[in-house]
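For reference, the structure discussed in these notes is given below.
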Amino acid sequence: MIEKDKTAVFIGNRDCYKIDKAIIEQAIIQAIESGITCFLNGGQGYFDKTCALILHGLKTRYPNIRDILVIPYRDFWIFNKDIFDEIIYPFEPRIESLLNYKRAIPLRNRVMVEAASTAICYVERVGGGSWKTLNYAKIQNLRIIDLTQK
């Protein structure tokens, strides 16, 4: 069961290789210490993978945290199934038949934002999918932890 007020979503550009991993870890710890116990991860690109690996490493210190991979389509390639506590596919079969690959990712991102109260973000470029998801998180009044300027 996902409790919105205890859930955070990761939003970031897939190719943000210059971000300091220590900054991500600090943001995750800040979220955990403010009551977040569940993290939703899209599993695409460097930012998501880095966040998942950091969370996995923090589980000895914070055994109550959960990292959930939310996949946009059933044949989604998962880089490491073992580091996630759960892998979910959020669409019903009747909706799935209407989705193509390009539509599935933004819709999955909206589902994650709607299930969360906090967003941990690293979005450098205006106009892409991460930027649109971040703007949707702001419209949904999520607490934003923005790592872009750090």
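The first residue of the sequence shown is numbered 1, and numbering continues consecutively from there.
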Over 12 non-hydrogen atoms of neighbours within 6.0 angstrom of NZ in K21:
no
- [ ] Under the side chain to side chain contact (heavy atoms under 4.5 Å, CB included) rule, what do E114 and Y136 come out as? Steps first, then yes or no, please.
- [x] CA-CA 9 Å; E114 290 170 0; Y136 186 63; 2.3 Å; yes
For the pair D146 and K138, find out whether any cationic side-chain nitrogen is under 4.0 Å from an anionic carboxylate oxygen.
no
The residue among N64, D85, D67 that forms side chain to side chain donor-acceptor pair (under 3.5 Å) with K59 is D85
Between E3 and T7, the two heavy atoms sitting closest are O-OG1, 2.7 Å
Between F79 and A52, the two heavy atoms sitting closest are CZ-CB, 4.0 Å
- prompt: Which word best sums up how the rings of Y73 and F76 line up, parallel for under 30°, tilted for 30 to 60°, or perpendicular for over 60°?
  reply: perpendicular
Query raised in the report: How far apart are the C-alpha atoms of I32 and R61, what are their side-chain angles, what is the distance that settles it, and do they pass the side chain to side chain contact (heavy atoms under 4.5 Å, CB included) test?
Result: CA-CA 11 Å; I32 293 168; R61 187 167 156 194; over 6 Å; no
* Is it the case that more than 12 heavy atoms not belonging to K6 sit under 6.0 Å from its NZ atom? -> no
T50 and I24 have their tightest heavy-atom pair at CG2-CD1, 3.7 Å
Heavy-atom closest pair (I28 atom, L58 atom, distance to 0.1 Å) is CG2-CD1, 3.7 Å
Sorted by chain and residue number, the side chain to side chain donor-acceptor pair (under 3.5 Å) partners of T37 (sequence neighbours excluded) come out as none
Q.
Suppose we call two aromatic rings close when their centres sit under 6.0 Å apart. Are F84 and F39 close by that rule?
A. no
Contacts satisfying ring pair (Phe, Tyr, Trp, His ring centres under 6.0 Å) that involve residues 40-64 (not counting sequence neighbours) are Y17-Y46
Give every donor-acceptor pair under 3.5 Å between a side-chain atom in residues 126-134 and any protein atom, sequence neighbours left out.
unit_1 : atom_1 : unit_2 : atom_2 : d
S130   : OG     : G12    : O      : 2.8
T133   : OG1    : N109   : ND2    : 3.3
T133   : OG1    : G129   : O      : 2.8

Does the pair C121 and T148 meet the rule for a side chain to side chain contact (heavy atoms under 4.5 Å, CB included), with working shown?
CA-CA 7 Å; C121 310; T148 310; 5.6 Å; no
Shortest non-hydrogen pair, I36 vs C38, comes out as CG2-O, 3.5 Å
All heavy atoms of R125 vs all of D15, minimum pair found to be NH1-OD1, 2.9 Å
